[in-house]
Each structure stands twice: as C-alpha cells, then as structure tokens.
Amino acid sequence: MPELPEVEVVRRGLARWVARRTVADAEVLHPRAVRRHIAGGDDFAHRLKGQRIGEPSRRGKYLWLPLETTHTSVLAHLGMSGQLLVQPHDAPDEKHLRIRVRFDDDLGTELRFVDQRTFGGLSLHHTTPDGLPDVIAHIARDPLDPLFDDDAFHDALRRRRTTIKRALLDQSLISGVGNIYADEALWRARLHYERPTGTFTRPRTTELLGHIRDVMNAALSVGGTSFDSLYVNVNGESGYFDRSLDAYGREGLPCRRCATPMRRRPWMNRSSYFCPRCQRPPRSAS
DNA sequence: GACGTACCCTGCGGGC
DNA sequence: TGCCCGCAGGGTACGT
C-alpha cells in the first residue's frame, strides 16, 4: 500500500526517467483508471499527445507531472495497488496494465500505470498559480514538507471534536499519513487511536509529529535506495519496509517494548493495531 | 460546517 | 476441489 515515502520514491524515479521527455501517444486500457478525468480516456490521450513533461512534484500521496508550455498537469494517485513503471517497450504487458504512455525519443522505454484494484488513476487538471493541480487544493501539506506548520496543525487538532487517528487520516489536516504509518506513529508515541484530539497539549502534538516524521524518513531511507535502476517501481506487495513495522499487522505478536500481545480492532472498515498496555484507551473508549 | 460511514474494486486466504 | 465470504484500504459522496 503506497503511502507518502513510497510515492516520494516514485516521484524521484519519474524525475530521473520521465521528466523532459515528450509524449508520442497515450493509450487508456481501462476507463476506471481515468475516472477522475471527466472528459474521458480519449480526451486524456489526445491532450497528452505532443506534450513535454516537466519536473514531477508531490503533495501527500498525490504526485503530478506538469506539462510544459501549458497550465495543466497529469495528476496521479496510486490508490492501494497502483504502480508507475518505466518499462522497455517490448516488455510483455502486465496483467493489470491500465494506461500506457509512449515517448517521442529513442530511449526505448515507456511509462505504464499498472493497478490491480483500480483505486488509483491518472487525470489532467489545470495547475493553479502556486503550481498545484486545482483538484487537490484542499490537500494539506505533508509533515515532510518544509513549509508544514506544526503550530497550525496543533491548533487545528485542538479545534476538532474527533479522535486522533481519524484526524491523522484526514488529508485536509495533514497529508500523506495512511493507516499503516498512523498505527506506527501512535505506537511510538504510546497513544491510543481513540484519544480525543481536544486533549492534545502542544508538547504531545510535537512529539507525535516527530514520530510520524521518523517513521516516514525510515521508510524513505530504505525505499529510496532500492530503485536506483531503470524501473520506477512501487509494489504494494514487495514489503521492503515490512520488517521494520512495530504495530501494523502484528496482532497477537509481542509488543516490541513490553511483550504484551498486540491487538487488532476493527475500525472504520479497516483495522487498528495497538499495544493494550503501552497505548491505554481514553476513559470514554473501550 | 463538522463529523461519521458506506462504497468503490480485485485478489487472496480461510472455512466449509 | 471449489465455492463463498471477509479482508485489505484512500478518497469521496452522502447522510446526520
């Protein structure tokens, strides 16, 4: 499941292998992969043709490729299983190949969007004056962004009448944190996922943000060295950071701090993993 | 406006 | 062996 570090690895790969190339043509093989492009797959392909790709950017789990000389960008979200691959154009098609982009050069490679569960997709959007695709203007900065405002985040947290994990997954408050890194950061901070956001003190918020950044940077340092090759590749199943997870997916296994068996609780159609001893529930929660 | 939840989708694994 | 069901989960639409 690609989260911020994985998306950043993809962005770096695109910067190396795709930026400054001109699109010869694009092929949409599954309509759902361009469902956020309202005008449809044919329009997407038509508008991409002949465009030169600029420097890729990222905010949270979204990344985008600006099209030079236009005020538009190709916006990408990998969803749960999306991959952006740079493949030799004679490589066999992947089973779940959804979009193919060929280039007008002799490098012999093409960009492929492969996505098993089709939660991800590509689309074309106007770029706002600050360089952001217009449809993601509501996405907050992510905690690795130098302009992320810790104090403003704390104030917003205090204003909310919700619980901490919901807040961490709210991309309009803080972006790039998914279910896995939320559980990891909360475990490190010894915080229960249902702690009300209104109870957070400034030092608590600062500490939690520190743990979020540590978890993300650790994943980035591992993933960031694994793709120094032809392939711009994030594979949700490759699990290159699985070994370093302390909470997520560890139901029944001993807590790495206190050896108490870790628990899993159904939560918002997904799961929360936590240590019942290190991460005590708030009085109002069970 | 703020908050909570159902739904989209496909493949895998467990139970029967 | 094969079928069915639950699970995985980000973002969004919709209900309260």
Side-chain angles (χ1 to χ4, degrees), chain A residues 1-8 10 28-38 58-64 75-84 94-99 113-123 125 132-140 142-143 153 155-186 193-200 212 216 219 234-239 241-242 245 247-252 262-274 284-285:
Chain A
M1 291 138 262
E3 297 202 38
L4 185 151
E6 293 82 352
V7 178
E8 173 58 19
V10 172
V28 176
L29 302 161
H30 194 300
R32 207 176 130 77
V34 290
R35 68 191 179 284
R36 296 189 73 178
H37 188 83
I38 305 301
R58 180 189 58 74
R59 176 171 285 195
K61 296 172 209 166
Y62 285 95
L63 63 87
W64 63 95
L75 180 66
H77 196 290
L78 301 177
M80 289 176 57
S81 53
Q83 297 170 274
L84 280 164
E94 291 74 11
K95 185 178 177 187
H96 302 291
L97 177 61
R98 308 303 189 193
I99 299 170
F113 179 68
V114 176
D115 191 8
Q116 177 200 104
R117 290 183 230 183
T118 66
F119 274 56
L122 306 184
S123 48
H125 301 281
L132 212 62
D134 53 10
V135 293
I136 62 162
H138 65 291
I139 301 291
D142 60 67
F153 174 71
D155 293 343
L157 212 54
R158 294 279 308 199
R159 279 196 300 273
R160 291 294 175 104
R161 291 292 169 266
T162 187
T163 49
I164 186 58
K165 190 167 167 184
R166 281 181 190 281
L168 291 181
L169 297 188
D170 184 341
Q171 305 291 301
S172 67
L173 208 54
I174 180 172
S175 70
V177 183
N179 199 43
I180 296 172
Y181 291 121
D183 280 1
E184 290 302 306
L186 289 170
Y193 59 97
E194 284 190 325
R195 173 178 284 272
T197 52
T199 67
F200 273 69
I212 292 170
M216 286 182 169
V234 158
N235 184 336
E237 284 124 353
S238 69
F241 65 89
D242 279 2
L245 293 180
Y248 186 83
R250 300 195 71 246
E251 182 183 19
M262 299 286 288
R263 287 194 187 155
R264 179 178 77 90
R265 286 283 176 275
W267 181 86
M268 274 181 76
N269 278 340
R270 47 202 79 168
S271 295
S272 274
Y273 295 89
F274 67 106
S284 57

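All values below were derived from every heavy atom in this structure, side-chain atoms included, with hydrogens, water molecules and symmetry-related copies excluded. Just so we're on the same page: letters track the sequence lines, and every chain starts at 1.
Contact between the side-chain N/O atoms of A:Arg166 and the OP1/OP2 oxygens of B:dC3 is not found at any separation under 4.0 Å. Taking only side-chain nitrogens and oxygens, A:Ser271 comes nearer than 4.0 Å to OP1 or OP2 of C:dA8. For B:dG11, neither phosphate oxygen OP1 nor OP2 lies less than 4.0 angstrom from any side-chain nitrogen or oxygen of A:Arg117. For A:His96 and B:dG11, the shortest distance from a side-chain N or O to OP1 or OP2 is below 4.0 Å. Distances shown here put a side-chain N or O of A:Arg36 below 4.0 Å from the OP1 or OP2 atom of C:dT12.
Between the side chain of A:Arg32 and the main chain of A:Thr118, a donor-acceptor pair closer than 3.5 Å is present. Side-chain atoms of A:Arg98 never come within 3.5 Å of backbone atoms of A:Leu29 as a donor-acceptor pair (strictly under, hydrogens ignored). Remark: side-chain polar atoms of A:Gln171 are paired, donor with acceptor, to backbone N or O of A:Gly176 under 3.5 angstrom.
The distance between atom CZ of A:Phe119 and atom C1' of C:dC7, rounded to the nearest whole Å, is 12 Å. In this structure, A:Arg35 places its CZ atom 13 Å from C1' of C:dA13, rounding to the nearest Å. Nucleotide C:dG10 holds its C1' atom 6 Å from the NZ atom of A:Lys61, rounded to whole Å. Atom CG in A:Leu4 sits roughly 11 Å away from atom P in C:dG11 (whole-Å rounding). Rounding to whole angstrom units, NZ of residue A:Lys165 and P of B:dG4 are separated by 14 Å. Rounded to a whole Å, the CD atom of A:Gln171 is 12 Å from the C1' atom of C:dT12. Going from atom CE of A:Met268 over to atom P of C:dC7 covers 16 Å, rounded to whole Å. Between A:Asp170 atom CG and C:dA13 atom P there is a gap of 15 Å when expressed in whole angstrom units.
Candidate nucleotides B:dT10, C:dA8, C:dT12 were compared by shortest atom distance to the side chain of A:Tyr273, and C:dA8 ranks first. The side chain of A:Met80 has C:dA8 as its nearest neighbour among B:dG11, B:dC8, C:dA8. Residue A:Gln116 places its side chain closer to B:dG11 than to any other of B:dC3, B:dG11, C:dG11. Looking at the side chain of A:Arg270, the nearest of the listed nucleotides B:dT10, C:dA8, C:dG10 is C:dG10. The side chain of A:His77 lies closest to C:dG11, out of C:dT12, C:dG11, B:dC3.
Remark: A:Tyr273 OH to A:Arg263 CZ distance equals 14.5 Å, nearest 0.5 Å.
Where A:Arg264 and A:Tyr62 meet DNA chain C, the nucleotide closest to each residue was compared, and A:Arg264 sits on the side nearer the 5' end. Heavy-atom nearest nucleotides on DNA chain B were determined for A:Arg160 and for A:His30, and the one closer to the 5' end corresponds to A:Arg160.
Using a 4.0 Å cut-off between charged nitrogen and carboxylate oxygen, A:Arg58 and A:Asp142 count as a salt-bridge pair.
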